[in-house]
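All values reported here derive from a predicted model rather than from experimental measurement.
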Amino acid sequence: PLPVVRKARGPRSFADLPADRCLVMGILNVTPDSFSDGGNYVSADKAIAHGLKLLYGGADIIDVGGESTRPGAERVSPEEEQARILPVIEALAKAGAVISVDTMNVETAAKALDAGASIINDVSGTTFDERMPALVAERKVPYVLMHSRGDARHDDPKANYTDVVAEVLAELAELRDKFVAEGVEPEQLILDPGLGFSKTGEHNWALLRALPEFTKLGHKVLVGASRKRFLGSLLATAGKAAAPAERDNATMAVSVLSAANGAWGVRVHDAGASLDGVKVASAWAG
Ligand SMILES: Nc1nc2ncc(COP(=O)(O)O)nc2c(=O)[nH]1
């Protein structure tokens, strides 16, 4: 009899992901405020250890980012961003993780794919680098196209909307058309409403409520609500917003409702909780 060849836990690809439920994308922000001993450097070992924790704790995908996208966050050069994330991506890919690279920088995206990432997650929105569509078309990788109206790191306008759902849908469709016009296949695209990017809490709830409208655009939809400020406000007691670490239950609830309303994936910090949640949503739907 032929020897049983156990599938080595080598690099897994996008195609290996489960197709019968909403996916869980675990967040790995490789930035000094996440992984450093108080200095201004990033400890790759700590970041890799956290990535493995996410991988074995339930994340289907690990989203690796080297630059915080919070408004006012410190600027990071592409070289610094790459120095932070490439060793982490290489190690996690070898451990069998499916990895998305959270970057707006085309060079970083290309190098991350070479290092073992298989998805590009770009928060640029309407300010995307015009070289990005060509890279996505050439590499034929899944690309998260997220809505925002300004460069989130610097001048993220809390844009005014007359109808936030209609406008975000229209602007995402317009961005989609630009990428398709440059040779990106529609099925490569994963749309994301960009909760908190150029949006207030009320805008975020309106966008979540309209999730079925987004899935009607005919693409996968990713929801990134985890620990965001609008959840902190929702859970406020005596006028004091809940701290980020207190927002994981609410995040899991958003994951369950997102899955029940057709989301392809949820981007979260607590991967284990949302994995349980999306499995409940899948069982409930039958
Ligand atoms: N696709 C996608 N990527 C993102 N990257 C960073 C943040 C900012 O949140 P964090 O600072 O908690 O990572 N949010 C998103 C998001 O909502 N969607």
Which distance, rounded to the nearest 0.5 Å, do you find between the [atom1] of [X] and the [atom2] of [Y]?
X      : Y      : atom1 : atom2 : answer
Leu231 : Asp248 : CG    : CG    : 10.0 Å
Ile48  : Lys53  : CD1   : NZ    : 15.5 Å
Ile99  : Ile85  : CD1   : CD1   : 10.0 Å
Glu213 : Asn261 : CD    : CG    : 11.0 Å

Please report the closest heavy-atom contact between [X] and [Y], naming both atoms and the distance.
X      : Y      : answer
Phe197 : Ser148 : CB-CB, 3.6 Å
Ser274 : Ser255 : OG-OG, 2.8 Å
Arg84  : Pro87  : O-CD, 3.9 Å
Ala263 : Val223 : CB-CG2, 4.3 Å
Gly58  : Ala271 : C-CB, 4.2 Å
Ser118 : Pro142 : O-CD, 3.2 Å

Quick one: ring pair (Phe, Tyr, Trp, His ring centres under 6.0 Å) pairs with a partner in residues 169-188, sequence neighbours left out?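 Counting only pairs at least two positions apart or across chains, the ring pair (Phe, Tyr, Trp, His ring centres under 6.0 Å) contacts touching residues 169-188 are Phe128-Phe179, Tyr143-Phe179.
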Once ring pair (Phe, Tyr, Trp, His ring centres under 6.0 Å) is applied, what residue pairs with a partner in residues 219-260 remain, sequence neighbours excluded?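 Residue pairs passing ring pair (Phe, Tyr, Trp, His ring centres under 6.0 Å), neighbours aside: Trp205-Phe230.
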Any salt bridge linking [X] with [Y]? Criterion: basic side-chain nitrogen under 4.0 Å from a carboxylate oxygen.
X      : Y      : value
Lys279 : Asp20  : no
Arg267 : Asp192 : no
Arg131 : Glu107 : yes

Test side chain to side chain contact (heavy atoms under 4.5 Å, CB included) on Val266 and Val268 and set out the steps. CA-CA 6 Å; Val266 289; Val268 298; 4.2 Å; yes
Do [X] and [Y] sit in the same hydrophobic cluster, where Ile, Leu, Val, Met, Phe, Trp and Tyr count as joined when their side-chain heavy atoms come under 4.5 Å apart?
X      : Y      : answer
Leu52  : Val88  : yes
Leu172 : Val164 : yes
Leu113 : Ile62  : yes
Leu208 : Met252 : no
Leu175 : Met132 : yes

Side chain to side chain contact (heavy atoms under 4.5 Å, CB included) partners of [X], counting only residues at least two apart:
X      : answer
Glu90  : Lys94, Ala115
Ala110 : Leu135, Arg139
Val180 : Arg176, Pro186, Leu189
Ala259 : Cys22, Val278, Ala281

Excluding sequence neighbours, so at least two apart, what forms salt bridge (Lys or Arg N to Asp or Glu O under 4.0 Å) with Glu167?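 Arg149.
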Run the salt bridge (Lys or Arg N to Asp or Glu O under 4.0 Å) test against Arg209 and tell me which residues pass, sequence neighbours left out.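 If we apply the salt bridge (Lys or Arg N to Asp or Glu O under 4.0 Å) test to Arg209, skipping adjacent residues, there are no hits.
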Sequence neighbours excluded, which residues qualify as ring-ring contact (aromatic ring centres under 6.0 Å, His included) partners of His50?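 ring-ring contact (aromatic ring centres under 6.0 Å, His included) check on His50 returns Phe35.
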Is there a donor-acceptor contact under 3.5 Å from the side chain of [X] to the main chain of [Y]?
X      : Y      : value
Asp276 : Ala273 : no
Lys228 : Leu195 : yes
Asp129 : Asn105 : no
Lys199 : Gly194 : yes
Ser34  : Val30  : no

Could you check whether atom CD of Glu80 has more than 12 heavy atoms from other residues, nucleotides or ligands sitting under 6.0 Å from it?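 Enclosed: over 12 neighbouring heavy atoms sit under 6.0 Å from CD of Glu80.
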Asn249 atom CG: more than 12 heavy-atom contacts under 6.0 Å: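 No.
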Distance-only side-chain donor-acceptor flag, [X] / [Y], under 3.5 Å:
X      : Y      : value
Glu81  : Thr103 : yes
Ser124 : Asp122 : yes
Asp45  : Ser43  : no
Asp63  : Ser100 : yes

Report the C-alpha distance between Val24 and Leu275 in whole Å, list the side-chain angles of each, state the deciding distance to 0.1 Å, and finish with yes or no for side chain to side chain contact (heavy atoms under 4.5 Å, CB included). CA-CA 6 Å; Val24 174; Leu275 178 64; 4.2 Å; yes
Apply side chain to side chain donor-acceptor pair (under 3.5 Å) to residues Thr31 and Asp33 and explain how you reach the verdict. CA-CA 5 Å; Thr31 51; Asp33 53 351; 2.6 Å; yes
Taking side chain as C-beta onward, heavy atoms only, is [X] less than 4.5 Å from [Y]?
X      : Y      : result
Val136 : Gln188 : yes
His269 : Ser226 : yes
Lys220 : Leu191 : no

Residues clustered with [X], ILVMFWY side-chain links under 4.5 angstrom:
X      : answer
Ile27  : none
Leu23  : Phe14, Leu17, Met25, Ile61, Val98, Ile119, Val144, Ile190, Leu222, Trp264
Leu257 : none

